[in-house]
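Worksheet for the structure shown next.
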Amino acid sequence: MAPRVHQDPASGRLARVRLETLLPLGKVDPGLRAPETPLDLHAVAETARFLEEIGYGGIAVEETKDDPFVVLALAAAATQRLRTTTAVAIAFPRSPTVTALQAWTQQKLSGGRFTLGLGTQVRGHIRRRYGMEWHPPAPWMREYVQAVRAVWRTWQHGTPLAFHGEHYRLDLMVPLFDAGPIEHPDVPIHLAAVNPRLCAVAGEVADGMRPHPVCTPSYIDEVMLPAVRRGAARSGRSLDGFRVCMKPLVASARTDEELARKVEDARARIAFYASTPGYRAAFDHLGLSDLADAAKELSKAQRWEDLPAMIDDETLERFVVIGRHDEIGRRLLDRYASVVTDVEFSIAVRDDTDRDTLRTLATVVQGADDAAARAAITGDGAQRPTAADGKGSADV
C-alpha cells in the first residue's frame with residue numbers, strides 16, 4: 001500500500017518537513033564542551049523577526065542556562081507566525097499545575113503557536129541538582145502529561161479538577177487560580193525520548209517525540225517508532241498528526257578548512273554521549289557496545305580529552321551529518337526525511353552571505369514533503385524508503 005498523502009490541517013495543503021533552530025543561531029548540541037556563543041537575551045526578539053522573515057518554521061529553546069519559557073515569550077511577542085517550542089523543559093521538578101500555567105500563558109501570548117516539549121532527566125540530576133526523589137521515568141511521565149491535560153480541561157471547559165494518580169492528586173481549582181478558556185486550547189505536547197518505554201509513552205499520551213541527537217535514522221525507524229505505535233495502540237489513539245522532531249548532530253561550515261574543525265568537535269560530542277549510560281541503546285543498536293564500554297571507563301577516570309580519539313571516521317559518519325553550508329540542507333534531508341517531520345539546524349549569521357545561505361537552507365528543507373516520515377510513523381505503506389545511517393542514507 002502506498003503512503004497516504006498527509007495534509008496540514010490548518011491549510012489543507014501538502015504537509016512539509018518543518019525546520020526549527022536553537023538559539024543563538026548556529027548553536028550545536030555541545031555534549032561535553034561549552035557552547036561557543038552564549039545566548040543574548042536582548043537579541044531574541046530581533047532574531048525571531050529575522051527568522052520569520054526568511055521563512056523559518058520555528059524556534060526551540062532548551063532548559064540549560066536560561067529559562068526557556070522566558071526566552072520563548074520574547075520570541076512570541078515579536079512575531080506572528082513563528083512556532084515556539086521548549087526543547088525541552090524538564091518536567092519532574094515542576095508541579096504539573098505550574099507547567100500547565102506556563103504553557104497556557106505561552107499559548108495565549110503566541111496565538112496558538114506554542115508546543116510544550118518535556119524531558120525527564122536522569123536519576124543523578126533529579127536527586128542531586130533538583131533535590132527530589134527519583135522514580136521510574138516512563139510511568140511518571142505518562143501520569144505527568146495526563147495531569148497537565150486534566151488542569152487544561154478544567155480551565156477550558158469548567159469541569160471539576162479530579163486527577164488522582166500515583167504521583168499527583170489534583171482536586172482543587174478555585175476561581176482566583178482558574179486561568180479560564182483560551183482561543184487555542186489544544187497545546188501540543190512532545191516528549192524527549194531514547195529508549196522504547198518512553199517512546200511508547202509518547203505514542204500513548206503525547207503529540208510528538210523528540211529523539212536525542214544520537215538516535216540514528218535506523219534506530220528511530222526500527223526501535224523508536226514501533227514503540228510509539230505500541231503505545232498508540234494501547235490507548236487507541238491515531239498517529240496521523242504525530243510529529244518526530246530531530247535535533248541532529250551536524251558539522252557544517254562555510255569552507256572545507258572550517259569544516260575540519262567542526263568535525264573534530266563532533267567527534268567529542270559522540271564520544272561523550274557514548275560514555276553516558278542513558279544513550280547506550282542507540283550505540284548497541286549499531287553494534288557499538290564495545291565503544292560504549294570503553295568510553296564509559298574513560299569518563300569514570302575523567303580522561304575527557306582521550307574520548308574523541310575513540311571515534312573513527314566510519315562511526316563519525318554514522319552519527320553526524322557533515323557538509324559545507326551550501327550542501328547541508330540536502331544532506332539533512334537525505335539522512336532524515338524518511339523518518340522525521342521536523343529538523344533543527346541553523347548557521348551563525350555574520351554577514352549578508354550567511355543571511356542568504358540561511359534563507360536558502362529554509363527553502364530547501366521545507367520544500368520537502370513529509371509523506372515518507374508520515375508513513376514511517378503510522379506504519380503505513382510498504383513502498384516507503386528504508387531509513388539508513390551515514391553514507392547509505394536514502395535520497396528522499
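Side-chain atoms are counted along with the backbone in the values below, which use heavy atoms only and exclude waters and symmetry mates.
- The main-chain N or O of Asp240 is found under 3.5 Å from a side-chain atom of Ser238 such that the two form a donor-acceptor pair.
- Side chain of Thr84 to backbone of Ile59: no donor-acceptor contact under 3.5 angstrom is found.
- By the neighbour-count criterion of 12 heavy atoms within 6.0 Å, atom NE2 of His164 is densely surrounded, having more than that number from other residues, nucleotides or ligands.
- The cluster map of Ile, Leu, Val, Met, Phe, Trp and Tyr, joined by side-chain heavy atoms under 4.5 Å apart, puts Leu51 and Leu41 in the same cluster.
- Both Tyr130 and Phe69 are part of a single hydrophobic cluster, where members link through side-chain heavy atoms under 4.5 Å apart.
- The cluster map of Ile, Leu, Val, Met, Phe, Trp and Tyr, joined by side-chain heavy atoms under 4.5 Å apart, puts Val174 and Leu170 in the same cluster.
- Side-chain atoms of Tyr144 and His167, non-hydrogen and from C-beta on, never get closer than 4.5 Å to each other.
- Residues Pro217 and Arg335 have side chains in contact (heavy-atom distance under 4.5 Å, counting atoms from C-beta outward).
- Aromatic pair Phe283/Phe319: ring centres closer than 6.0 Å.
- Closest approach of Asn195 and Ala281 over heavy atoms only: OD1-CB, 3.3 Å.
- Between the side chains of Thr79 and Arg113, at least one donor N or O lies within less than 3.5 Å of an accepting N or O.
- Checked against Leu39 for a side-chain contact (heavy atoms from CB on, under 4.5 Å), the options Leu22, Thr47, Val71 give a single hit: Val71.
- Cluster annotation: Leu109 and Leu101 are assigned to distinct hydrophobic clusters (Ile/Leu/Val/Met/Phe/Trp/Tyr, side-chain heavy-atom contacts under 4.5 Å, transitive).
- Using a distance-only test at 3.5 Å, with no hydrogens or angles considered, a donor-acceptor pair links the side chain of Asp207 to the main chain of Ile189.
- Judged purely by atom type and a 3.5 angstrom limit, Arg331 uses its side chain to pair as donor or acceptor with the backbone of Ile322.
- In this structure, Glu258 places its CD atom where more than 12 heavy-atom neighbours from other residues, nucleotides or ligands lie under 6.0 Å away.
- Side chains of Ser218 and Asp389: a donor on one and an acceptor on the other come within 3.5 Å.
- Side-chain contact check for Asp354 versus Arg254: some heavy-atom pair is nearer than 4.5 Å.
- By the 4.5 Å heavy-atom criterion applied to side chains, Phe50 and Leu358 are counted as neighbours.
- Atom-to-atom distance recorded for Leu298:CG and Met310:CE is 5.5 Å, nearest 0.5 angstrom.
- Using a 4.5 Å cut-off on side-chain heavy atoms (C-beta onward), Leu172 and Leu161 make no contact.
- Other residues, nucleotides and ligands contribute at most 12 non-hydrogen atoms within 6.0 Å of the CZ atom of Arg197.
- By the 4.5 Å heavy-atom criterion applied to side chains, Arg243 and Arg374 are counted as neighbours.
- Within the 4.5 Å cutoff, no side-chain heavy atoms of Leu118 are placed close to those of Val88.
- Side-chain N or O atoms of Glu52 include one that pairs as donor or acceptor with a backbone N or O of Gln80 at under 3.5 Å.
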Given side-chain hydrogen bond (donor to acceptor under 3.5 Å, both in side chains), test Thr315 with Asp312 step by step and report yes or no. CA-CA 5 Å; Thr315 302; Asp312 59 26; 2.9 Å; yes
